[in-house]
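First comes the structure, then the notes that go with it.
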Amino acid sequence: MLFLDLFLVAGLGRRVTTLRFLEQLRMSVGFDLAVVAAALHAVLLVALFAWLARPPGDAAGPIAAPSPNQ
């Protein structure tokens with residue numbers, strides 16, 4: 001995701017891609033794809049931090065069946 005952000009903003013270097021090509025690529029769908037990539041990156045970071053911040057007991061795992069003697 002970070003590579004996509006950097007590619008859409010700066011390209012691969014001066015001699016590999018031109019700024020005109022990047023601008024055409026970013027605007028190929030009618031709006032700036034760099035904004036979409038940055039928003040997806042932000043959503044991914046928030047999801048990762050939320051996953052890391054949850055208490056350890058909330059991990060999804062198999063549910064133990066009650067024993068028949070209870």
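Numbers for residues simply follow the sequence, beginning at 1.
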Above 12 or not: heavy atoms from other molecules or residues under 6.0 Å from CG of Leu48?
->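 Count over threshold, so yes.
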
At what distance, to the nearest 0.5 angstrom, does CD of Glu23 lie from CG of Asp32?
->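 Glu23 CD to Asp32 CG: 9.0 Å, rounded to 0.5 Å.
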
To the nearest 0.5 angstrom, please state how far the OG1 atom of Thr18 sits from the CG atom of Leu25.
-> 10.5 Å

Going hydrophobic residue to hydrophobic residue with side-chain gaps under 4.5 angstrom, can you get from [X] over to [Y]?
X: Val43; Y: Trp51; result: no
X: Leu45; Y: Val35; result: no
X: Val29; Y: Leu40; result: yes

